[in-house]
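This report refers to the structure that appears directly beneath it.
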Amino acid sequence: MLTENPSLLLRYQERFRYFLIDEFQDINQVQYDIINMMCAHTRNLCVVGDDDQSIYSFRGSDPSFILEFDRYYPEAQVVTLSENYRSSHSIVSLANNLISCNRSRRAKQMNAQFTADELPLFFFPYDEEEEATMVVEDIKERIQCGAQPSDFAVLYRTHSASRAIFERLVQSQLPFSLAQDGESFYERRFVRYLLAYLRLSLDPNDEEAMSDLLVSLFLKQTLLKELKAISILEDCSLVKALVKLSTVQPFQRKKLKTIAPLFKQLSKLKPIEAIGMIETELGFSEFIKKRGNEGNMMERGADDVRDLKVVAKKFKTVHAFLAHVDEMIKAAKTIQQQNEAANAVQLSTIHRAKGLEYKYVYVLGAVEGSIPHDYALDANRNGDPLPLEEERRLLYVAITRAKHAVFLSVPSRRRMKSAQPSRFLKGFINKAAAGAQV
Ligand SMILES: Nc1ncnc2c1ncn2[C@@H]1O[C@H](COP(=O)(O)OP(=O)(O)OP(=O)(O)O)[C@@H](O)[C@H]1O
């Protein structure tokens with residue numbers, strides 16, 4: 001509009017003479033073009049930002065706008081704000097050392113104003129479950145010693161990484177809020193599709209589960225009506241009706257004949273074994289292979305299934321596992337509906353915590369594949385190192401949310417496989433192990 005309508009642009013140019021933009025590191029090309037046009041007549045533009053906190057490339061933001069600002073506005077005066085009033089010396093020192101490894105940045109050192117009793121701490125849980133338990137136990141102890149729930153934030157790279165900590169907090173009765181509009185882990189698409197098999201093994205007439213099952217069997221939703229009709233006319237369950245469908249292709253009928261009788265067996269297995277059977281004998285792995293990478297490159301179906309297995313292995317029966325799943329879905333709904341509690345432990349992705357601060361910050365999953373995320377590792381392998389730099393900035397943002405203490409969790413296992421410490425932290429972990437300040 002502004003490029004095609006000069007009089008409109010002029011109206012805005014005459015209306016505003018001075019422009020101040022905060023969080024300039026997050027600007028994208030369209031926003032940058034708009035602001036350039038609006039202030040073209042005066043060039044009265046003041047921008048504030050931190051190139052080390054540019055973490056929104058997925059929305060089109062690009063740190064080069066702030067890094068090259070003085071090239072486009074050579075008359076600009078650059079003022080470096082290097083005093084950090086938020087975090088202790090040791091946190092700022094860790095953050096400085098971490099971010100200095102990035103290449104595309106303006107060289108600067110932040111200076112802290114105070115020293116806290118606690119140094120940044122690495123801890124090494126066995127897996128996601130133990131990680132969550134250790135965090136909640138530590139929070140509980142600190143609260144017993146006088147800390148407030150709102151002093152704490154638990155930060156993670158992606159929503160799905162909050163599953164275990166969410167569950168442990170529900171069980172702990174500590175007040176907490178979740179900074180995400182979202183579904184429970186168990187309502188994620190691929191998790192739900194897999195759970196549908198388990199649900200139908202206990203209740204072969206579960207319509208919702210049958211509707212999900214049709215998706216993973218590559219069958220049309222319209223067949224649900226036919227299944228219901230068959231189940232009434234022939235007085236059989238929806239699962240049994242699968243083999244009587246008349247409108248499917250012969251190869252589909254053959255497959256349905258093989259899998260329908262297996263549902264009963266599933267209910268008798270341990271949940272982790274049942275999932276194995278669903279993947280192999282009931283064809284779920286094939287479905288994940290074909291459809292699991294659709295949509296979001298950040299959160300893949302195959303990863304969700306691995307996350308689900310981590311929790312499934314804790315339960316002895318499918319019944320107990322599904323009861324837990326339903327309890328957690330209910331708890332997630334309750335938490336979503338509650339107004340944000342004022343005095344609560346905050347669970348948040350690192351992205352959502354930007355701009356905020358907490359006395360104590362726990363960073364979950366500081367391992368390869370989580371932070372840096374797999375997608376950045378893939379990009380790096382394919383010759384693009386920039387996403388890796390953004391991942392380092394994310395870790396920088398996470399660490400600099402802490403005022404007094406930051407705790408970085410480096411689990412030995414993630415998603416049922418052995419995990420490597422984040423490449424961003426390896427040097428610091430070695431130093432910390434040797435007793436030196438990181
Ligand atoms: N001059 C000051 N003296 C004392 N405290 C200050 C001063 N300036 C800021 N602070 C405190 O430092 C903390 C960080 O400030 P603020 O949130 O404004 O920084 P910021 O640059 O937006 O941080 P970030 O971008 O990392 O989120 C806040 O707790 C704020 O109250």
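Keep in mind that what you see is a predicted model, and the values were worked out from it rather than measured. We count ligands from 1, going down the list as the structure has it; atoms in each ligand are counted the same way. Position 1 is the first residue of the sequence; numbering continues from there.
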Taking D127 for its side chain and R414 for its backbone only, find out whether a donor-acceptor pair lies under 3.5 Å.
no
Identify each donor-acceptor pair in which a side-chain atom of residues 7-17 lies under 3.5 Å from a protein atom, sequence neighbours left out, and give them as a table.
from: S7; atom 1: OG; to: N5; atom 2: OD1; distance (Å): 3.0
from: Q13; atom 1: NE2; to: M37; atom 2: O; distance (Å): 2.6

Apply salt bridge (charged side-chain N to carboxylate O under 4.0 Å, His left out) to K108 and list each qualifying residue two or more places apart in sequence or on a separate chain.
D50, D51, D52
Less than 4.0 Å between a side-chain N and a carboxylate O, is that true for R415 and D307?
yes
Identified side chain to side chain donor-acceptor pair (under 3.5 Å) partner of D26 from the options K354, Q53, Q31:
K354
What side-chain hydrogen bond (donor to acceptor under 3.5 Å, both in side chains) pairs are there with at least one residue in residues 269-283, not counting sequence neighbours?
E279-K309
The answer, listing residues by chain and number that come under 4.0 Å of ligand 1 through any heavy atom, is Q53, Y85, R86, G355, E357, R401
